[in-house]
Protein chains: 2
Amino acid sequence: MRIAELEKRTGVNRHTLRYYEKEGLLLEVHRGGNNYRDYPEKAVDRVAMVCQLKDLGFSIREIRDLLNALRSDRIDCAEGAYLMAEKKAAVEKKIRELRQIRKLLDSEQKRLEASAVAHGLSLKRTATTR
Amino acid sequence: MRIAELEKRTGVNRHTLRYYEKEGLLLEVHRGGNNYRDYPEKAVDRVAMVCQLKDLGFSIREIRDLLNALRSDRIDCAEGAYLMAEKKAAVEKKIRELRQIRKLLDSEQKRLEASAVAHGLSLKRTATTR
DNA sequence: GTAAAGTATAGAGTAAGCTCTAAGGTCAAG
DNA sequence: CTTGACCTTAGAGCTTACTCTATACTTTAC
């Protein structure tokens, strides 16, 4: 597929897609005789994965290392496994911290709700969203 | 305490501390007669909290809103509770996504380790870090 | 075959979040 | 009463991650 379709299907700006490619996040982007990019179907998933990792706070460089290790059926399996373990540790740390924050938010929410009720205020949209 | 001590105890650059203050992340920073900042003891915790939230991907603006709601024993309890619920939902979404990523990383790590062993490579630092 | 739409590259511009520099005021030690 | 370590502000500079502009080539539609 051409860049316009990938842009449409991923919601990622075409300039950003070219930037990701330049940064090594998208590999195997072949070109037609007209020099236009021709993305494979799986590019959609790859871009989605990049977006997700980005939202989780990984930098472009980290994402590149991670994704490249993931698709490496190459020699450096031990190195790849090491990288995985490293990222996993980082992910686990984030999960732990987020749990702590959630706990804090939860108790604060309850406290504020109680306060609001005490002041006789409506809680229309307030009570336990989702 | 003065800025040098807060810098030392939090590990956050003094320019950054002033920047955080300007952005409304640090409140009640009083001044002595010499116009020097005089931070209260709890500023250390407050800065630590800012750092943690930052690492979790919250923007300066989001952190300001969140922390100000947390310390508000003011009128807008209902609004504060709503804010808490909102952030909590975002935090929970992140946790879910990170769990998924961890799962992926875990299976990839195992695959790569198996590959490495199959190739007769050493796994010195590799096997399940932490 | 020409206009409109799509693609290419190179490089400028933007926003967030720092990080540092310059120029100057404060204060304790010697 | 000066030296040196601290503090102040204003504003410049830097990095990351886009986002856009300019210029030019290709394709599609009429």
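Numbers restart at 1 for each chain; the letters A, B, ... are given by sequence-line order, proteins then strands.
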ask   = Do you know the tightest heavy-atom contact between Tyr39(B) and Glu21(B)?
value = OH-OE1, 4.0 Å
request  = Would you please test Leu104(A) and Gln100(A) for side chain to side chain contact (heavy atoms under 4.5 Å, CB included) and show each step?
outcome  = CA-CA 6 Å; Leu104(A) 179 66; Gln100(A) 205 181 317; over 6 Å; no
Ile95(B) to Ile95(A) - nearest heavy-atom pair and separation = CG2-CG2, 4.3 Å
request  = Could you check how far CE of Met1(A) sits from C1' of dT7(C), rounded to whole Å?
outcome  = 16 Å
ask   = Could you state the CD-P distance from Glu5(A) to dG6(C), rounded to the nearest angstrom?
value = 13 Å
message = Rounded to whole Å, how long is the line connecting atom CG of Leu6(A) with atom P of dG6(C)?
response = 16 Å
key: Residues which pass side chain to side chain contact (heavy atoms under 4.5 Å, CB included) with Ser59(B), listed by chain and number, not counting sequence neighbours   = Arg61(B), Glu62(B)
Do any N or O atoms of the protein come closer than 3.5 Å to N or O atoms of nucleotides 1-3 of chain C, and which pairs are they?
none

message = Quick one, Arg99(B) with Lys103(B), criterion side chain to side chain contact (heavy atoms under 4.5 Å, CB included). Give me CA distance, side-chain angles, the key distance, then yes/no.
response = CA-CA 6 Å; Arg99(B) 282 220 189 91; Lys103(B) 217 167 128 184; over 6 Å; no
Side-chain polar contacts of residues 27-34 of chain A - donor-acceptor pairs under 3.5 angstrom, sequence neighbours left out - could you list them?
residue: Glu28(A); atom: OE2; partner: Arg71(A); partner atom: NH1; Å: 3.2
residue: Arg31(A); atom: NH1; partner: Asn35(A); partner atom: O; Å: 3.0
residue: Arg31(A); atom: NH1; partner: Asn35(A); partner atom: OD1; Å: 3.2
residue: Asn34(A); atom: OD1; partner: Tyr36(A); partner atom: N; Å: 2.9

inquiry  = How many whole angstroms separate atom CD of Glu21(A) from atom P of dT7(C)?
reply    = 14 Å
remark   = Hits for side chain to side chain donor-acceptor pair (under 3.5 Å) against Glu23(B), two or more places apart or cross-chain, chain-then-number order -> none
ask   = Over how many whole Å does the gap from Arg2(A) atom CZ to dA5(C) atom P extend?
value = 15 Å
inquiry  = Can you list everything that forms a side chain to side chain donor-acceptor pair (under 3.5 Å) with Arg14(A)? Sequence neighbours excluded, please.
reply    = Glu7(A)
inquiry  = Tell me which residues in residues 39-47 of chain B lie within less than 4.0 Å of DNA chain D, going by non-hydrogen atoms.
reply    = none
query = Sub-3.5 Å donor-acceptor pair from the side chain of Thr16(A) to the main-chain atoms of Val12(A), do we have one?
reply = no
key: Footprint string (nucleotides 16-23 of chain D, 5' to 3'): B base within contact, S backbone only, - free, heavy atoms under 4.0 Å   = -BBBBB--
Under the salt bridge (charged side-chain N to carboxylate O under 4.0 Å, His left out) test, residues paired with Arg64(A) that sit two or more places apart = none
task = State which residues pass side chain to side chain donor-acceptor pair (under 3.5 Å) with Glu5(B); sequence neighbours excluded, sorted by chain then number.
result = Arg9(B)
task = Quickly work out the Ile3(A) CD1 to dC25(D) C1' distance and round it to whole Å.
result = 16 Å
Using a 3.5 Å cut-off and no angle test, enumerate the donor-acceptor pairs between side-chain atoms of residues 42-58 of chain B and protein atoms at least two apart in sequence or in another chain.
residue: Arg46(B); atom: NE; partner: Leu25(B); partner atom: O; Å: 2.8
residue: Arg46(B); atom: NH2; partner: Leu25(B); partner atom: O; Å: 3.0
residue: Arg46(B); atom: NH2; partner: Asn68(B); partner atom: OD1; Å: 3.3

Within residues 28-38 of chain B: residues closer than 4.0 Å to DNA chain D (heavy atoms) = Arg31(B), Asn35(B), Tyr36(B), Arg37(B)
request  = Could you tell me which residues satisfy side chain to side chain contact (heavy atoms under 4.5 Å, CB included) with Asp38(B), sequence neighbours excluded, listed by chain and number?
outcome  = none
